[in-house]
Participant: 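Dropping a structure here in structure tokens format, bear with me for questions.
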Amino acid sequence: MAMTEEEQPKAQLSVMQFLLIVAGLTLLAAAVGFLSGQQIVSTADAPPRAETAQPAGYLGERQRMERAKLQPLAPIVTNLADTPVVWIRLESSLVFEEIPDDVEALSARISEDIVAFLRTISVKQIEGGAGFQHLSEDINERVRARSGGVVNELIIQGLIVE
């Protein structure tokens, strides 16, 4: 069956119509997507300004840092839970709003609590950045609990595992 001359232009015309319809629908979809994006952007809240955003767990604004007082702790050296061969040395300072009268006794109690805590952890628990962050958070929780909220934070100045 051979196609007649009348049928062949109709087939090309339908392909051309199909391409025009696909192109029109593509442009319509792009326009709807653009308009939807514009509406979402215009109704979204403005991002917080960098001045108001403060990282969690830090001392915060400059005024508070100027009022804060540091009390260095004696270096803590103890073995870890893995084996008696693995030792840790921790150098740190306590951050106070106001240094209490019994700061030496409080520092001794906190050092004792830190030693007891360090003897329960293994080297694997403090490996890497995440392990160090967890160690710092755990020690800070214990320090706040032991001091009754008098100590704001414990700053780790040096940590050596041998």
Side-chain angles (χ1 to χ4, degrees), residues 22-23 25-162:
V22 168
L25 288 174
T26 302
L27 289 175
L28 180 67
V32 169
F34 176 77
L35 292 175
S36 298
Q38 290 297 319
Q39 180 157 357
I40 290 171
V41 168
S42 68
T43 59
D45 294 335
R49 297 178 65 182
E51 298 170 351
T52 60
Q54 296 179 1
Y58 287 21
L59 289 176
E61 65 239 14
R62 184 175 175 84
Q63 293 174 346
R64 188 168 175 196
M65 284 178 52
E66 290 173 355
R67 289 187 313 209
K69 296 177 179 44
L70 290 178
Q71 174 67 33
L73 288 176
I76 297 170
V77 179
T78 186
N79 58 334
L80 295 177
D82 286 345
T83 61
V85 184
V86 180
W87 290 85
I88 186 168
R89 177 185 168 108
L90 179 74
E91 296 177 6
S92 58
S93 293
L94 301 173
V95 179
F96 295 96
E97 285 287 329
E98 291 297 324
I99 295 181
D101 295 333
D102 63 341
V103 69
E104 287 84 17
L106 181 62
S107 297
R109 285 194 307 265
I110 289 173
S111 292
E112 178 185 11
D113 196 44
I114 292 173
V115 168
F117 174 69
L118 290 176
R119 288 185 177 184
T120 64
I121 63 173
S122 66
V123 175
K124 293 242 183 237
Q125 290 175 306
I126 58 175
E127 270 184 355
F132 178 77
Q133 182 68 32
H134 291 302
L135 174 69
S136 177
E137 290 171 359
D138 290 342
I139 290 176
N140 269 304
E141 286 176 18
R142 294 178 75 94
V143 165
R144 284 189 200 103
R146 177 62 91 167
S147 70
V150 175
V151 177
N152 292 353
E153 183 180 9
L154 179 126
I155 298 174
I156 297 176
Q157 297 168 330
L159 178 72
I160 300 172
V161 179
E162 187 178 297

Participant: Distance-only check: which donor-acceptor pairs under 3.5 Å involve side-chain atoms of residues 74-81, not counting sequence neighbours?
Facilitator:
{"from": "Thr78", "atom 1": "OG1", "to": "Arg119", "atom 2": "NE", "distance (Å)": "2.8"}

Participant: May I ask you to test the Leu35-Gln39 pair for a side-chain heavy-atom distance under 4.5 Å?
Facilitator: no
Participant: State which residues pass salt bridge (charged side-chain N to carboxylate O under 4.0 Å, His left out) with Arg142; sequence neighbours excluded, sorted by chain then number.
Facilitator: Asp113
Participant: Over all heavy atoms of both residues, which pair between Ile156 and Leu159 is shortest? Give the atoms and the distance, please.
Facilitator: CG2-CB, 4.4 Å
Participant: Measuring only between side-chain heavy atoms, which start at C-beta, is Phe96 closer than 4.5 Å to Val151?
Facilitator: yes
Participant: Are any non-hydrogen side-chain atoms of Ile99 and Leu94 less than 4.5 angstrom apart?
Facilitator: no
Participant: Who pairs with Asp138 by side-chain hydrogen bond (donor to acceptor under 3.5 Å, both in side chains), at least two apart in sequence or on another chain?
Facilitator: none
Participant: Between Phe117 and Leu135, is there a side-chain heavy-atom distance shorter than 4.5 Å?
Facilitator: yes
Participant: Just to verify, what does Glu91 make a side-chain hydrogen bond (donor to acceptor under 3.5 Å, both in side chains) with, not counting sequence neighbours?
Facilitator: Arg89
Participant: Could you point out which residue of Leu70, Asn140, Ile139 forms a side chain to side chain contact (heavy atoms under 4.5 Å, CB included) with Glu153?
Facilitator: Asn140
Participant: Within this structure, what is the CD1-OG distance for the pair Ile155 and Ser136, rounded to the nearest 0.5 Å?
Facilitator: 9.5 Å
Participant: Just by distance, with hydrogens left out, do Glu97 and Asn152 show a side-chain donor and acceptor under 3.5 Å apart?
Facilitator: yes
Participant: Kindly give the heavy-atom pair with the smallest separation between Arg109 and Arg146, and that separation in Å.
Facilitator: O-NE, 4.0 Å
Participant: With Gln157, which residues qualify under side-chain hydrogen bond (donor to acceptor under 3.5 Å, both in side chains), at least two apart?
Facilitator: Ser93
Participant: Hey, could you give me the CG/CD distance between Leu73 and Gln71, rounded to the nearest 0.5 Å?
Facilitator: 7.5 Å
Participant: Between side-chain atoms of residues 123-133 and protein atoms elsewhere (two or more places apart, or another chain), which donor-acceptor pairs fall under 3.5 Å?
Facilitator:
{"from": "Gln125", "atom 1": "OE1", "to": "Ser122", "atom 2": "N", "distance (Å)": "2.8"}
{"from": "Gln133", "atom 1": "NE2", "to": "Glu137", "atom 2": "OE2", "distance (Å)": "3.1"}

